[in-house]
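Each chain gets a letter, A, B and so on, in the order the sequences are listed, and its residues count up from 1.
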Amino acid sequence: MAPSTSPPRHWLFKTEPDAYSIDDLARALRQTTCWDGVRNYQARNFLRDDVQVGDRVLLYHSNCDPLAIVGTLRVVRAGYPDHTAFDPREQHYDPKSTPEAPIWQMVDVRLIQKFARPATRAMLLADPRLKAMAVLQRGSRLSIQPVTVDEWQIVHELAGATDR
DNA sequence: GCCAACGTTGGC
DNA sequence: GCCAACGTTGGC
């Protein structure tokens, strides 16, 4: 496959902080982790085909209080097989996925910054410029979502954070 | 706790 | 291939 020449892109990754939070990442070795456990084909396709090293990610805390974008990550390794699917002891074990024929993908991410003031869902919903943002749409379930440059910048503005 | 939205499964 | 049943996600 020919190397892509497109510029780094922007994404939003969801996580339930009870399972894995931005503070967990801040404490991790080199503030880096593999983003495992994605078990949705559309999200898998983004990880496999589109997420590139250097891409930046808004980290969203779901299923918690407060709901918020809590910081940013950088992709440091592109898609590769999610080996947690092979292990019956893992929560996201999938017997259909094997080392010989892996189904699920993960990427590695490193913390860029934890927002001192998270951009809460209420703040995001209140900004008319974010009307089309995927994570704010009713019924949005996709855990890996593309984000536009405008959305990326507006989120930083709302968080009072420097775009790094 | 409720429930709408969405994805997956499996009978036919 | 259709679609009903079921399970999960995730905001409220």
Side-chain angles (χ1 to χ4, degrees), chain A residues 9-28 33-51 55-73 75 79-109 111-148 150-161:
Chain A
R9 280 176 272 209
H10 301 88
W11 304 93
L12 179 142
F13 288 7
K14 286 187 203 171
T15 185
E16 299 191 11
D18 287 350
Y20 195 86
S21 72
I22 193 164
D23 290 323
D24 292 323
L25 178 57
R27 284 189 296 266
T33 189
C34 55
W35 203 256
D36 64 292
V38 172
R39 297 293 180 268
N40 168 282
Y41 284 99
Q42 196 178 346
R44 186 280 310 267
N45 293 346
F46 280 134
L47 293 179
R48 185 189 61 193
D49 304 332
D50 299 311
V51 177
D55 285 1
R56 291 182 293 174
V57 177
L58 298 171
L59 188 64
Y60 180 82
H61 277 180
S62 68
N63 246 317
C64 62
D65 189 18
L67 297 165
I69 295 172
V70 292
T72 55
L73 322 175
V75 176
Y80 63 104
D82 181 348
H83 55 75
T84 68
F86 309 148
D87 186 345
R89 294 165 302 186
E90 289 285 346
Q91 183 186 357
H92 298 288
Y93 171 60
D94 181 358
K96 296 190 303 297
S97 185
T98 64
E100 295 72 31
I103 295 174
W104 305 112
Q105 296 271 123
M106 59 187 178
V107 298
D108 290 355
V109 289
L111 184 66
I112 296 176
Q113 67 174 322
K114 175 183 172 180
F115 291 154
R117 183 170 73 117
T120 66
R121 183 177 182 87
M123 291 163 58
L124 302 173
L125 286 170
D127 195 314
R129 295 171 297 173
L130 296 178
K131 214 165 181 168
M133 192 173 185
V135 74
L136 302 180
Q137 305 310 305
R138 174 187 182 80
S140 164
R141 292 173 50 174
L142 200 55
S143 61
I144 306 289
Q145 306 179 350
V147 162
T148 68
D150 284 349
E151 290 165 347
W152 173 269
Q153 289 174 349
I154 292 164
V155 167
H156 280 74
E157 176 193 319
L158 293 177

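A centroid separation of less than 6.0 Å is found between the aromatic rings of A/Trp104 and A/Tyr41.
Atom OH of A/Tyr41 and atom P of B/dG7 are 13 Å apart (whole Å). For the pair A/Asn45 CG and B/dG7 P, the interatomic distance rounds to 12 Å; values are reported in whole Å. In this structure, the NZ atom of A/Lys96 is 9 Å from the P atom of B/dT8, given to the nearest Å. A straight line from CD of A/Gln137 to C1' of C/dT9 spans 16 Å, rounded to a whole angstrom. Distance, A/Asp18 CG to C/dG11 P: 13 Å, rounded to whole Å. Rounded to an integer number of Å, the gap from CG of A/Asn63 to P of B/dC2 is 16 Å. Regarding A/Phe13, its CZ atom lies at a distance of 14 Å from the P atom of C/dG10, rounded to whole Å. Summarising the geometry, the separation between CH2 on A/Trp104 and P on B/dT8 is reported as 7 Å, rounded to the nearest angstrom.
Using cut-offs of 30° and 60° for the angle between ring planes, the A/Phe115 and A/His156 rings count as perpendicular. Relative orientation of the A/Tyr20 and A/Trp35 rings is perpendicular, given thresholds of 30° and 60° on the angle between their planes.
When the nucleotides B/dG7, C/dG10, B/dC6 are ranked by their closest atom to the side chain of A/Asn40, B/dG7 comes out on top. Closest to the A/Arg138 side chain, of the nucleotides B/dT8, B/dA4, C/dG10, is B/dA4. Looking at the side chain of A/Gln42, the nearest of the listed nucleotides B/dC6, C/dG10, B/dG7 is B/dG7.
Taking only side-chain nitrogens and oxygens, A/Arg121 comes nearer than 4.0 Å to OP1 or OP2 of C/dC12. Considering only side-chain N and O atoms, A/Tyr60 lies under 4.0 angstrom from the phosphate OP1 or OP2 of C/dG11.
Rounding to the nearest 0.5 Å gives a distance of 11.0 Å between CG of A/Leu59 and NZ of A/Lys114.
Checking side-chain atoms of A/Asp82 against main-chain N and O of A/Gly37 turns up a donor-acceptor pair under 3.5 Å.
A/Ser140 comes within contact range of the sugar-phosphate backbone alone, with a heavy-atom separation under 4.0 Å but no base atom that close.
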